[in-house]
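For reference, the structure discussed in these notes is given below.
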Amino acid sequence: MPKIPASPATDTALSDHQPGAGQVKMTAERGNADELHQMVAAGADAAAHLTDNFGHRISDNQNSLRAGERGPTLLEDFVLREKIFHFDHERIPERIVHARGSGAHGVFECTKAIPGLTKASILQKEGASCPVFVRFSTVAGGAGSVDTPRDVRGFAVKLYTDSGNWDLVGNNIPVFFIQDAMKFPDLVHSVKMEADRGYPQAASAHDTFWDFIGLMPEAMHMIMWAMSDRTIPRSLRMIEGFGVHTFRFVNEKGDGKFVKFHWKPVLGIQSTTWDEAVKIAGADPDFHRRDLFEAIDAGDFPAWDLGVQVFDETFAAKQPYDVLDATKLIPEEDIPVEIVGRMTLNRNVDNFFAETEQVAFLPSNIIPGIDFSNDPLLQGRLFSYLDTQKSRLGTTNFHQIPINAPKCPFHNFQRDGMMQTLVPTGRANYEPNSLAEAGENGGPRASAETGFTTFAANDERNDPAQKLRIRAELFADHFSQARMFYLSQTENEQAHIASALVFELSKVMLEHVRARVVGQLRNIDEDLAKRVAAGLAIDLPAKEKAARAPVDLKPSDALSIQKNADDTMEGRKVAILFAEGSDKVAIDKLKGDIKGAGGTAFLVAPKVGGIKVKGGALKADGQLAGSPSVLFDAVASILTEEQAKALSVQSAAVQWFMDAFGHCKTIAHDEATQILLDKAGVEKDGGVVAIDKFADVGTRRHWAREAKVRDLA
Ligand code: HDE
């Protein structure tokens, strides 16, 4: 009878292998998580022997233990049981919100010391730096959902400072849907898949979300942002980040000021069009995760400047909005953003689960020099995140997981708990104590000088003696800033907002819900409401009652993406279509120009393996049908007439140009490509240029073209 080899991977040399000198010996004497970490890393060493989790060497990793060649598997097979047992429990609960995320390591460096404003150790000296871990995320979808739905992006930063971890757990939008933590479960329930049918996944375009929103006028400012291009970003490298809430800075003297935090992307803010985002979801569900990973892998490290808006109680008291209300922002024209540091992401994670999945952000993680404000949304978050970690990571010792552990020393008398991986020594596990082993002070001890002290806020507008379930008066202004945001956009951006609203509400089946939302829009801008009503072909509904009449605020250019777009090619990706016989010299020259300008060139051809071209052979980076133009910032094409003609009957090729044109991208082409452009309905304009003009036009979008290709509301 033929025998199946026990294990193709285990040759004798490997089974005979003895741990080498460089290997960490696996023993039970492990003191801390770092050592354990090293041991696991050693386990991944190609020369190490495969063992089970208790160090027993495994002889066969292919076959379970059977009673006879054709008999039942034996319960005594501890190798199989342990392997399957561990596998069965590999998943942990995904995050209730922000389940889909991508993380990276990096460094934060202080570029401007501000000791007068804060005693935060990391902002005391120019050049001071600390490691960071960042996790970007979508909000509504599950962990396996696509990267490009219309959604807010989470922007959570963990700074491992020498005075403890500071977690700035923000979003890419400076305001939020709701004002009070009490409404968060309702908001999230409404946007997630509907309770009875279990869909839609990662989409706000459905009845329950808009039902809730229509009844929550405080969400209207956020809705303007959510319906703008901010929620369909081109890349995680090109989004802004905001702390959202008002926080406090406290300096050495104990003086406190209010502060809002901003992260400004060095690559600029850039978004896709809606049609593009939908198509990217099919072409590459991991579009953003891949983009971030590949950029860092290639050494193109994305960076953000940390900016602060600092203001005092006097300024706060004079504004027509409440600075404790997370549905409001502070216009940059009123309080400029001062840049104090730069964060650079320069290292991908080694293991997605261990780092990106297990990272636990806590808005309550602040350091001396930073403090909370009384924003009722922030106050609720201070409870929620600690609580959620216990449910996700299963233990109060989640801070010992390497990605969560501070990188400064930490000592206290907390002990035990599930999955304790540290081995605290000695008898002193209480304070005060006078045991000799704990030193003269019976340490560790608290210190009034260096320890965190809460800012003694004195808010004249508040009477702490009253216990009330109430919101401060100005929280009732739901529309002034929504109107300011809308009026600050370019005409094209306003059309995108109106069209997004039409799209979303067209997916709402409850007619009274549609009408109520449009009735709310009338409080923001009559023209916007009319455009949306016309786009839905419904009568303009009655205006919804506003709790407080909106006031006219000065539009702010800082709120528009298009007004601030710069013409850089840095970090952008350009596809070059070629085929058999294409001119290699021309392709190489274009590739060089793109690289020289800080971009990446990606070669696309009908086949990938290797194609004969004029002047040599070329391998493509992607096959045409698998590399649609939605994946790139601009496209170029260098073909022979014969190949162009052959491609003009291929829908993948025609669609390539049709989409690039429809998404307002630059198309650089040679003469031979014209037949394809004609077939795709590409008309000449400032963005459709000859190859040698590509550098002049670059990867900017040509928004003036959009009216030609799409009816916007
Ligand atoms: Fe969160 N939020 N949130 N949130 N949030 C979570 O924490 C919550 C809010 C934000 O990459 C959860 O660890 C409440 C505002 C980000 O791991 C949970 C309230 C902002 C992330 C939670 C808010 C955010 C979360 C889910 C209202 C922008 C992802 C798993 C009081 C400033 C962090 C977890 C990561 C994650 C609760 C409101 C941003 C359930 C109760 C406002 C970026 O604890």
Side-chain angles (χ1 to χ4, degrees), residues 92-105 132-143 151-158 165 167-192 216 218-219 221-222 225-226 230-231 236 239-247 259-263 288-289 292 324-329 345 349 352-366 372-394 398-399 401 403-404 471:
I92 59 173
E94 67 175 34
R95 292 167 175 81
I96 309 261
V97 279
H98 297 265
R100 169 88 186 165
S102 304
H105 295 271
V132 300
F133 185 78
V134 178
R135 185 174 178 274
F136 303 105
S137 48
T138 54
V139 180
D151 200 356
V152 180
R153 297 303 186 283
F155 193 122
V157 184
K158 192 182 280 294
N165 288 356
D167 294 0
L168 193 50
V169 196
N171 279 342
N172 74 327
I173 289 179
V175 292
F176 201 65
F177 291 98
I178 49 167
Q179 298 172 325
D180 191 307
M182 189 70 121
K183 297 313 297 169
F184 192 67
D186 300 299
L187 167 73
V188 174
H189 288 171
S190 81
V191 72
K192 284 262 177 186
M216 291 293 289
E218 70 197 53
H221 184 199
M222 179 69 167
W225 286 81
R230 297 266 175 171
T231 46
L236 297 170
I239 60 174
E240 272 186 296
F242 301 92
V244 177
H245 311 282
T246 294
F247 289 86
V259 58
K260 291 258 189 197
F261 294 106
H262 298 241
W263 294 105
H288 284 151
R289 186 176 288 178
L292 182 68
L324 301 183
D325 173 358
T327 69
K328 306 298 191 300
L329 55 80
L345 298 184
V349 293
F352 184 88
F353 180 84
E355 301 173 276
T356 310
E357 195 58 15
Q358 292 199 113
V359 67
F361 291 95
L362 304 168
S364 49
N365 265 346
I366 50 170
F372 313 118
S373 72
N374 290 339
D375 173 342
L377 196 66
L378 174 60
Q379 294 281 325
R381 294 180 75 200
L382 302 180
F383 160 70
S384 176
Y385 290 66
L386 187 61
D387 186 55
T388 218
Q389 308 313 343
K390 167 73 179 67
S391 156
R392 291 198 65 236
L393 300 166
F398 69 88
H399 64 281
I401 298 172
I403 195 70
N404 295 325
R471 295 190 198 177

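In listed order, ligands and their atoms are each counted from 1. Numbers here simply count residues along the sequence, with the first being 1.
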* Under 4.0 angstrom from ligand 1, any heavy atom of Gln379? -> no

* Would a 4.5 Å heavy-atom cut-off, applied to side chains only, mark Asn365 and Tyr385 as touching? -> no

* Protein contact to atom 28 (C) of ligand 1 [nearest heavy atom, distance to 0.1 Å] -> Asn171 ND2, 3.2 Å

* Any idea which atoms of ligand 1 are less than 4.0 Å away from a heavy-atom of His98? -> 5 (N), 10 (C), 16 (C), 21 (C), 25 (C), 29 (C), 36 (C), 39 (C), 43 (C)

* Find all atoms of ligand 1 within a distance of less than 4.0 Å from any non-hydrogen atom belonging to Val97, and give their numbers and elements. => 2 (N), 6 (C), 26 (C)

* For ligand 1, is Gly170 a contact, meaning one of its heavy atoms is under 4.0 Å away? -> yes

* Do His245 and Arg381 get their side chains close enough for a donor-acceptor pair, meaning under 3.5 Å? -> yes

* Structure fact -> Logged contact type for Ile178 with ligand 1, heavy-atom cut-off 4.0 Å, is neither

* Structure fact -> So the atoms of ligand 1 within less than 4.0 Å of a heavy atom of Gly154 turn out to be 43 (C)

* Region of Val244 engaging ligand 1 - heavy atom pairs below 4.0 Å -> side chain

* Structure fact -> Closest to atom 8 (C) of ligand 1 among protein heavy atoms sits Phe184 CE2, 3.2 Å

* Asked: Who's closest to atom 31 (C) of ligand 1 heavy-atom-wise, of Leu377, Leu386, Thr356?
  -> Leu377

* Asked: Side chain, backbone, both or neither: which part of Thr388 has a heavy atom under 4.0 Å from ligand 1?
  -> side chain

* Quick check, are the ring centers of Phe155 and Phe136 under 6.0 angstrom apart? -> yes

* Salt bridge check: are Asp180 and Lys183 linked by an N-O gap of less than 4.0 Å? -> no

* Asked: How close does the nearest protein non-hydrogen atom get to atom 33 (C) of ligand 1, and which residue and atom is it?
  -> Phe361 CD1, 3.9 Å

* Structure fact -> For atom 24 (C) of ligand 1, the closest protein heavy atom turns out to be Arg381 NH2, 3.1 Å

* Who's the nearest protein heavy-atom neighbour of atom 13 (O) of ligand 1, and how far? -> Gln389 NE2, 3.2 Å

* For Ala181, counting its heavy atoms only, list the atoms of ligand 1 lying under 4.0 Å from any of them. => 31 (C)

* Asked: For Gly101, does its backbone N or O pair with a side-chain atom of Glu357 as donor and acceptor, under 3.5 Å?
  -> no

* Judged by atom type as modelled, is there a donor-acceptor pair below 3.5 Å linking the side chain of Glu218 to the main-chain atoms of Gln179? -> yes

* Asked: Just by distance, do the side chain of Lys158 and the backbone of Ala360 share a donor-acceptor pair under 3.5 Å?
  -> yes

* To do: Just jot down the ligand 1 atoms closer than 4.0 angstrom to any heavy atom of Arg135, in number order.
  => 11 (O), 17 (O), 35 (C)

* Side chains of Asn172 and Trp263: does their closest heavy-atom pair fall under 4.5 Å? -> no

* Taking the inter-plane angle between the rings of His262 and Phe242 on a 0 to 90° scale, is it parallel (under 30°), tilted (30 to 60°) or perpendicular (over 60°)? -> perpendicular

* To do: Decide if atom CG of Leu382 counts as having more than 12 heavy atoms of other residues, nucleotides or ligands within a radius under 6.0 Å.
  => yes

* Expected output: side-chain Arg392 to main-chain Pro93 donor-acceptor under 3.5 Å -> yes

* To do: Starting from atom 18 (C) of ligand 1, find the nearest protein heavy-atom neighbour and note its residue, name and distance.
  => Ser384 OG, 3.8 Å

* Asked: Has Phe383 got more than 12 heavy atoms of other residues, nucleotides or ligands less than 6.0 Å from its CZ?
  -> no

* To do: Report the member of Phe177, Tyr385, Phe383, Phe242 with the shortest heavy-atom distance to atom 7 (O) of ligand 1.
  => Tyr385

* To do: Specify the protein heavy atom at minimum distance from atom 17 (O) of ligand 1: its residue, its atom name, and the distance to 0.1 Å.
  => Arg95 NE, 2.7 Å

